[in-house]
Amino acid sequence: MEGQDGKGNNDSNQKADKRFALWYMGWSSLDRRSTLPMLPWLVAEIRRKSEKNESGPAQAREVQLYLSPPLIRCVPANSSNPSVFIFEHKAQFISRFIHNSHDLSYFAYLIRSQPDNPESEMACHVFKACDPNQVPEVISSIRQVSKAALKEESKPRQDSDESFYNSQKFEVLYCGKVTVNHKKAPSTLVDDCIDKFRQHEIERKRLRLLNGQRSSTEAPVEFIMGDDPLSSSLCKVDELETNLIEEELSEKGNGKLDLTSSSNTGSLLGVFPECILEDSDFGERHASEPNNVQPSDADKNRTMLFQVGRFEVNLISPDTKSVVLEKNFKEISSCSQGVKQTDHFGFICRDVVESGPAQYVCYVFQCASESLVDEVMLTLKQAFTTAAALQSSKNQIELCEACPMHDLHKLCERIEGTATSFHQLTHPTHPTFSTIFQCVSLSISQAFFDILVCICCFADHMDGRELLPLSPRALNQDQNPQVSPLTPEQGFGGEKGRRSPADYRALWKKAIHQQILLIRMEKENQRLEASRDELHIRKMKLDYQEVCQCSKEVQALWDRKLSSPCRTKVQWDKEEIHCAVCQGVPKSRRGEVWLLLSQQYRLRHRLPQRQQPPETPYQDLLKQLTAQQHAILVDLGRTFPTHQYFSTQLGAGQLSLYNLLKAYSLLDTEVGYCQGISFVAGLLLLHMSEEQAFDTLKFLMYDLGIRRQYRPDMISLQIQMYQLSRLLHDYHRNLYTHLEEHEICPSLYAAPWFLTLFASQFQLGFVARIFDLLFVQGTEVIFKVALCLLSSHEGEILECDGFESIVDYLKSTIPTLTHSQMEETITKATEMDISKQLHAYEVEYHVLQDELSDAPPPSEDSDRLDKLEKANAQLKKQNMDLLEKLQAARLKIQTLEGSMESFLSRESKMKHLIRSLEQEKASNQKTIERMRSSLPSDAMAEVEMTQLKSSTNGKAKETACKKP
């Protein structure tokens with residue numbers, strides 16, 4: 001019976017607790033070699049002991065079972081104090097429930113003291129309920145407590161997310177797949193695959209010329225193997241830059257291609273330099289919510305992210321934002337690198353085919369360089385070794401046929417009538433994804449077959465009504481596709497049972513029209529779902545507090561400007577645009593406004609030909625491999641980590657950001673990728689699509705000249721730091737002096753402001769307003785905002801009297817602006833004009849640099865430099881000696897720790913052995929007592945006399961041995 005606490009405690013936690021009145025029958029420890037068929041007998045033994053009222057842990061008693069997350073507490077029924085309990089343990093440690101089918105009032109559960117340690121003890125606790133209908137409620141409540149406890153445990157640690165994100169990721173180019181005869185292929189397999197791909201490409205081009213075909217699509221080829229599971233990510237492309245084939249091939253004759261004739265590829269059954277199309281197997285494995293994330297563009301590419309996890313490898317498509325291939329390490333038989341084509345690698349895995357036995361398939365990939373392939377192979381080797389070690393530690397306990405536990409297992413199986421395979425308690429089996437998919441496919445096929453049978457059986461009983469219209473709006477009650485085809489007058493045994501062929505043809509037309517209507521409705525539903533997901537993502541992107549909200553008049557002004565047909569061709573008044581931006585920009589249309597402002601800027605300022613970026617399309621850049629992939633992948637998780645759109649590891653936001661950064665690194669080879677660009681690109685992605693963000697990023701980098709500060713020499717950043725220092729010197733002399741006294745230069749606190757355009761430390765609404773001004777005023781606005789921030793906090797900074805306190809205030813306190821402070825800062829920045837000063841400071845910096853480079857170094861300084869170099873060399877030598885000693889000490893510590901772990905493990909094993917021996921001793925003593933009780937009194941007396949004589953003789957012998 002479930003109820004509240006007897007005392008009626010008002011505490012909210014105790015109100016949520018549950019208690020059940022039960023009979024506790026007892027408990028027993030389990031041998032770790034126990035199997036599932038043994039469990040009913042174990043429960044029956046505990047029940048037998050409790051019914052006989054045997055003393056010990058199996059004695060039955062009336063109890064109250066308290067469920068207080070995350071604990072389960074068993075309290076005596078006659079006790080009013082819940083703190084006095086028989087036992088308690090955590091609910092998440094319960095591994096299995098046992099509900100007796102013969103007596104529904106009994107149930108039990110198994111619990112392990114240490115779930116992560118397979119060597120730890122497992123116990124079985126048995127209960128009895130007064131009402132059998134109460135047992136499901138008790139089990140359900142315990143499971144809810146266990147789930148809640150597990151959920152709370154996973155929140156602070158987030159082991160799954162960390163393991164997912166800490167896995168190694170590489171950018172690869174998918175080349176194709178090959179079906180092989182054996183799981184171990186020759187070392188030249190990858191080279192043979194590449195040669196075959198190239199031969200097919202040459203043949204395809206030759207056939208195209210012969211047939212006069214100019215289109216990029218060809219007639220499909222029937223290959224020997226089945227469909228490619230990667231078909232959810234790629235589609236047809238016109239040309240392949242790496243001479244690797246991806247589109248469908250056309251062949252002479254009947255369209256079949258035999259790939260087994262080459263002597264160099266004796267193990268090849270077929271190759272797939274194919275186009276990859278949509279595949280429903282991976283349609284719901286999107287990397288982030290919502291489920292139906294739309295591809296970034298219609299044209300797909302073959303570049304993928306190859307992820308090596310703890311127990312599997314995943315292939316993630318940045319275009320479709322989904323996992324297109326997932327293989328467990330158990331399915332992969334071998335990995336190999338190309339001998340001639342050293343920048344290629346592949347792995348052989350088992351491919352399950354619905355019709356027919358499983359086959360082995362080799363997937364071939366290309367990397368940007370040979371060194372990257374070496375890194376991939378090393379990562380796979382380490383991952384396989386680690387997974388094998390983890391798996392071996394969790395292996396199931398195998399019983400030999402000579403073990404008595406094995407005989408007991410077989411006996412229990414025969415008695416229960418279950419000839420199931422041997423399973424350990426801790427390793428229950430679960431249906432695999434392929435099994436579930438096959439069952440669903442069979443169910444769908446059977447349902448479709450039943451529909452056809454019904455149509456054929458009832459076709460004779462259908463009337464000759466008109467066909468349904470194709471438009472769903474024209475439907476009425478008489479033309480409802482859901483209405484049964486049988487009329488009330490025409491039953492199964494009607495007189496008009498036979499129909500003419502024309503009637504059958506009309507009925508089939510009607511069914512086809514209904515199917516077309518259903519397909520149209522499904523497509524419309526998919527379109528609505530895609531629109532809903534798009535709105536959800538847009539809302540997620542713009543989830544920040546806006547600074548300087550627009551009035552209705554300003555919103556109407558921007559609507560008129562954005563709807564103007566000549567906005568990309570006619571120059572508008574610069575002052576009018578500047579005034580409109582200062583009044584505010586609507587958040588919902590900020591991306592469109594930025595595009596409009598960039599177009600207006602380009603109309604007024606045309607870059608010289610040599611300074612313009614290359615005109616390479618965005619989609620073509622995505623089809624290439626970048627050498628900056630490691631730096632980009634590392635910074636994905638550091639870019640706006642708290643924003644919902646970018647917080648999911650390798651989700652839609654991070655994959656879009658990867659595409660954008662990768663494309664720019666390939667476009668601007670001088671800059672490539674630099675830390676800080678990711679924040680600029682991320683803010684653009686929050687307000688526009690990938691291609692629009694790429695075009696806007698090019699505008700910021702080239703037209704506004706921001707790319708100069710990301711160059712490898714970073715001379716532009718040094719000039720900016722000097723300009724900011726001079727601005728402080730001229731406008732805020734006290735603050736400048738205070739910072740100089742503590743040797744705090746602008747590069748210590750202002751470098752992230754310039755490299756990320758304030759996006760890495762300040763709120764998004766504030767940064768978005770800075771971007772609004774940036775598109776109108778250029779990079780000058782960065783100096784204005786920095787100067788306004790420092791001036792508004794000048795008093796607080798002057799009160800800081802130490803280096804650490806000043807730097808901490810500049811980095812931590814200033815970014816936490818209130819809404820009014822942000823609006824005030826933006827207003828001050830719009831009213832400030834420092835363009836002349838910035839130009840003068842830049843000229844001054846170059847003059848100073850020229851003077852320093854022309855002046856000869858004094859001799860005294862050179863002597864001092866020599867002394868410092870010698871002292872530095874001595875310190876380095878001492879440092880190396882100390883490092884060697886430190887390494888030796890660490891090695892000794894590791895050895896001692898290993899010895900200590902071995903001693904501790906031996907100690908635990910000895911304790912376990914002693915415990916088992918004590919249990920065996922206790923059981924033997926109980927057996928002896930039972931045997932004594934069963935013997936007659938005369939025989940008992942003789943046994944005692946025999947024992948007395950043996951003890952007397954033993955004492956006499958000991959006395960004789962002690963005498964000299």
Side-chain angles (χ1 to χ4, degrees), residues 1-9 14-31 34 36-113 121-146 149 412 416 425 919 922-923 926:
M1 178 182 297
E2 181 182 348
Q4 299 295 332
D5 195 350
K7 288 187 176 184
N9 198 337
Q14 291 189 4
K15 283 183 180 180
D17 297 347
K18 293 183 179 181
R19 67 176 184 178
F20 300 92
L22 303 170
W23 279 86
Y24 179 58
M25 310 306 296
W27 72 279
S28 177
S29 60
L30 269 74
D31 190 282
S34 301
L36 293 179
M38 302 179 191
L39 294 182
W41 299 94
L42 177 67
V43 175
E45 178 66 15
I46 297 175
R47 288 180 55 188
R48 184 187 66 79
K49 291 182 179 181
S50 64
E51 290 171 358
K52 288 186 177 181
N53 294 323
E54 297 182 6
S55 60
Q59 188 174 6
R61 58 192 306 179
E62 198 171 356
V63 297
Q64 292 281 343
L65 193 65
Y66 282 84
L67 304 183
S68 178
L71 297 176
I72 297 178
R73 182 175 295 175
C74 186
V75 180
N78 54 4
S79 175
S80 60
N81 186 8
S83 61
V84 179
F85 53 85
I86 303 173
F87 65 84
E88 73 170 3
H89 41 243
K90 294 185 177 180
Q92 61 267 34
F93 289 174
I94 295 177
S95 60
R96 182 179 293 274
F97 285 94
I98 307 168
H99 193 189
N100 197 341
S101 59
H102 301 290
D103 192 345
L104 298 179
S105 60
Y106 285 89
F107 75 95
Y109 60 77
L110 306 183
I111 187 167
R112 190 184 292 277
S113 58
E121 285 188 351
M122 181 177 286
C124 177
H125 295 269
V126 182
F127 295 87
K128 179 183 178 181
C130 299
D131 184 7
N133 297 325
Q134 185 188 12
V135 175
E137 183 183 1
V138 177
I139 295 176
S140 176
S141 301
I142 295 176
R143 283 176 173 165
Q144 291 177 3
V145 173
S146 176
C412 293
E416 294 293 332
L425 298 179
Q919 293 177 358
S923 62
K926 289 182 180 179

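Hydrogens, waters and symmetry mates are skipped; everything else that's a heavy atom, side chains included, is used.
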Using the ring pair (Phe, Tyr, Trp, His ring centres under 6.0 Å) definition, which of the options F127, W23, F20 pairs with F107?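 Testing F107 for a ring pair (Phe, Tyr, Trp, His ring centres under 6.0 Å) against F127, W23, F20 leaves exactly one candidate, F127.
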Which is it for C74 and F85 under the side chain to side chain contact (heavy atoms under 4.5 Å, CB included) test, yes or no, and what are the steps along the way? CA-CA 6 Å; C74 186; F85 53 85; 5.9 Å; no
Report yes or no: does S923 contribute a side-chain atom to a donor-acceptor pair with the main-chain N or O of Q919 at less than 3.5 Å? yes
Check: S141 side chain, E137 main-chain N or O, donor-acceptor pair, under 3.5 Å: yes
Do [X] and [Y] have side-chain heavy atoms sitting under 4.5 Å apart?
| X | Y | result |
| --- | --- | --- |
| Q144 | I142 | no |
| S95 | M122 | yes |
| I86 | P76 | yes |
| L22 | Q134 | yes |
| L42 | S28 | yes |

Between [X] and [Y], what is the shortest heavy-atom contact and its length?
| X | Y | result |
| --- | --- | --- |
| S50 | A60 | CB-CB, 3.8 Å |
| H99 | L104 | NE2-O, 2.9 Å |
| V43 | A108 | CG2-CB, 4.2 Å |
| P69 | V145 | CA-CG1, 3.8 Å |

Measure the [atom1]-[atom2] distance between [X] and [Y] for me, rounded to the nearest 0.5 Å.
| X | Y | atom1 | atom2 | value |
| --- | --- | --- | --- | --- |
| L36 | I98 | CG | CD1 | 9.0 Å |
| Y66 | K18 | OH | NZ | 15.0 Å |
| K128 | R47 | NZ | CZ | 7.5 Å |

Please test R96 against L39 for side chain to side chain contact (heavy atoms under 4.5 Å, CB included), starting from the C-alpha separation and ending with a verdict. CA-CA 11 Å; R96 182 179 293 274; L39 294 182; 4.0 Å; yes
Can you check side chain to side chain contact (heavy atoms under 4.5 Å, CB included) on L71 and K90, steps first, answer last? CA-CA 5 Å; L71 297 176; K90 294 185 177 180; 3.9 Å; yes
Ring pair (Phe, Tyr, Trp, His ring centres under 6.0 Å) for F93 and Y109? Distances and angles first, verdict last. CA-CA 10 Å; F93 289 174; Y109 60 77; over 10 Å; no
Using the rule given for side chain to side chain contact (heavy atoms under 4.5 Å, CB included), can you reason through I72 versus E88, listing the C-alpha separation, both sets of side-chain angles and the distance that settles it, and then say yes or no? CA-CA 5 Å; I72 297 178; E88 73 170 3; over 6 Å; no
H125 and Y24 side chains, donor-acceptor separation under 3.5 Å: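 A donor-acceptor contact under 3.5 Å links the two side chains.
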